[in-house]
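Presented below is the structure to which this report refers.
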Amino acid sequence: MGAQRLIFLGPPGSGKGTQAARMSGKFGLAALSSGDTLRREIAGDSAVGRAAQAYVSTGQLVPDDVITDVMLAAIDRLPRSAGFILDGFPRTIPQAEALQQGLAARGMPLHGVVDFEIPDQELVVRLAGRRVCTGCGMSYNVGSLPPRAAGVCDRCGGALAQREDDREDVVATRLATYRRQTAPLIDFYRRHGLLHPVDAAADVNDVEAAVAAEIAAMGVAG
Ligand code: AMP
């Protein structure tokens, strides 16, 4: 059981979720996806879901305090010794600062941040081809990462669908939001000595090998 506490940072479509699932299996880490969590809250029509719905469907970020509370609560539900990957959180400097404080207060500092580097033109193609399991949330791509049977999840047999916010008009907003509000985190974590860039435009299995090598080299000290 690994015990690294990690962030996967990168634009939508960069493969964070796919690699979080793979690394979760490989290193025994919990994969905590902020987007999946919000989609579950929306589907369940909870108070958080109702607060988040309009932001998620238009590709804007939900308020910092809402998502920070949700993600710290998810961390608090894990066993204390568990390692985890935060996928999609933090996405702003205030979120990163709140996370830093929250983890420090728990005596659980981060071990590293894997930064998924990829050009915008590649993201547009990937997001157009992305299909997500309506049962377990597993991601596929009609071009680069198809399921074994068309439209059916390899893992749970659920039906695959296109995410509402993967439509072309919303994708443009999400990419602009990433560059404006989330990309500053790259410098933030570089300054903290935590940044581990990987070439996320490579083939999915090559990205997997690169991410695994970065995580293995981080160890669990601290
Ligand atoms: P994702 O599945 O990571 O692309 O997230 C889907 C949507 O959920 C985003 O477009 C935002 O509306 C919302 N969201 C996810 N994570 C965050 C976050 N850390 N801060 C604010 N909004 C978020």
Side-chain angles (χ1 to χ4, degrees), residues 6-21 23-24 31-75 84-103 110 113-116 118 120 122-141 160-186 188-189 200:
L6 307 173
I7 291 171
F8 281 9
L9 178 65
S14 59
K16 301 184 302 292
T18 297
Q19 297 300 342
M23 295 307 126
S24 164
L32 303 178
S33 156
S34 54
D36 285 353
T37 304
L38 290 173
R39 283 183 287 278
R40 274 196 302 273
E41 297 283 346
I42 291 168
D45 198 28
S46 69
V48 166
R50 285 192 293 276
Q53 207 278 335
Y55 298 99
V56 173
S57 63
T58 55
Q60 297 169 71
L61 297 184
V62 307
D64 288 332
D65 54 338
V66 172
I67 192 68
T68 300
D69 287 353
V70 164
M71 296 306 286
L72 286 174
I75 290 170
F84 55 77
I85 299 166
L86 301 178
D87 161 16
F89 175 83
R91 262 177 154 98
T92 67
I93 295 283
Q95 288 179 24
E97 287 171 341
L99 175 67
Q100 206 90 327
Q101 281 168 19
L103 292 180
L110 290 171
V113 177
V114 179
D115 179 32
F116 288 67
I118 180 164
D120 272 5
E122 172 72 18
L123 295 172
V124 172
V125 176
R126 284 198 191 182
L127 289 167
R130 173 155 72 180
R131 298 294 180 271
V132 177
C133 177
T134 51
C136 72
M138 187 88 171
S139 269
Y140 297 87
N141 193 286
L160 306 187
Q162 183 165 40
R163 268 171 53 174
E164 199 194 337
D165 61 347
D166 279 346
R167 290 192 330 255
E168 210 177 318
D169 51 330
V170 185
V171 162
T173 306
R174 290 166 65 212
L175 293 180
T177 301
Y178 176 81
R179 297 293 168 208
R180 192 175 63 248
Q181 292 182 265
T182 308
L185 295 184
I186 296 170
F188 178 92
Y189 286 118

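Quick note: residue numbers are just sequence positions, from 1. Given the structure is predicted, the values throughout are model-derived calculations rather than measurements. Atoms within each ligand, like the ligands themselves, are counted from 1 in listed order.
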Once rounded to the nearest 0.5 Å, what's the spacing between atom [atom1] of [X] and atom [atom2] of [Y]?
| X | Y | atom1 | atom2 | value |
| --- | --- | --- | --- | --- |
| Arg180 | Thr92 | CZ | OG1 | 12.0 Å |
| Leu86 | Leu32 | CG | CG | 6.0 Å |
| Leu9 | Phe89 | CG | CZ | 12.0 Å |

Check ion pair Asp166-Arg174 (N to O, under 4.0 angstrom):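 Looking at Asp166 and Arg174, the cut-off is met.
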Residue pair Arg130 / Gly13: nearest heavy atoms and the distance that separates them: NH1-N, 4.2 Å
Taking [atom] as the reference point, the nearest protein heavy atom with its distance:
| atom | result |
| --- | --- |
| atom 12 (O) of ligand 1 | Gln60 O, 2.6 Å |
| atom 21 (C) of ligand 1 | Val62 N, 3.3 Å |
| atom 16 (N) of ligand 1 | Ser34 OG, 2.7 Å |
| atom 23 (C) of ligand 1 | Leu38 CD1, 4.0 Å |
| atom 9 (C) of ligand 1 | Arg91 NH2, 3.9 Å |

Under-4.0 Å heavy-atom contact with ligand 1, by part of Val56 that carries it: both
Gln95 contact mode with ligand 1 (heavy-atom cut-off under 4.0 Å): side chain
Polar contact flag for Arg130 and ligand 1 (N/O pairs, less than 3.5 Å):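 For ligand 1, there is no N or O atom that lies under 3.5 Å from one belonging to Arg130.
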Gly88, any N or O under 3.5 Å of ligand 1 N or O: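 Yes, there is a polar N/O contact under 3.5 Å.
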No-hydrogen, no-angle side-chain donor-acceptor test under 3.5 Å, Gln95 and Thr68: no
Sub-4.0 Å heavy-atom contact, Lys16 with ligand 1: no
Arg163 heavy atom under 4.0 Å from ligand 1: yes
Suppose I only count heavy atoms of [X] and a 4.0 Å limit; which atoms of ligand 1 are within that range?
| X | answer |
| --- | --- |
| Tyr55 | 12 (O) |
| Leu61 | 21 (C), 22 (N) |
| Arg174 | 4 (O) |
| Arg39 | 2 (O), 6 (C) |

Quick one: does any side-chain atom of [X] pair with a main-chain N or O of [Y] as donor and acceptor, under 3.5 Å?
| X | Y | result |
| --- | --- | --- |
| Ser34 | Gly88 | yes |
| Lys16 | Gly10 | yes |
| Arg50 | Asp45 | yes |

Heavy-atom side-chain contact between Leu160 and Thr134 under 4.5 Å: no
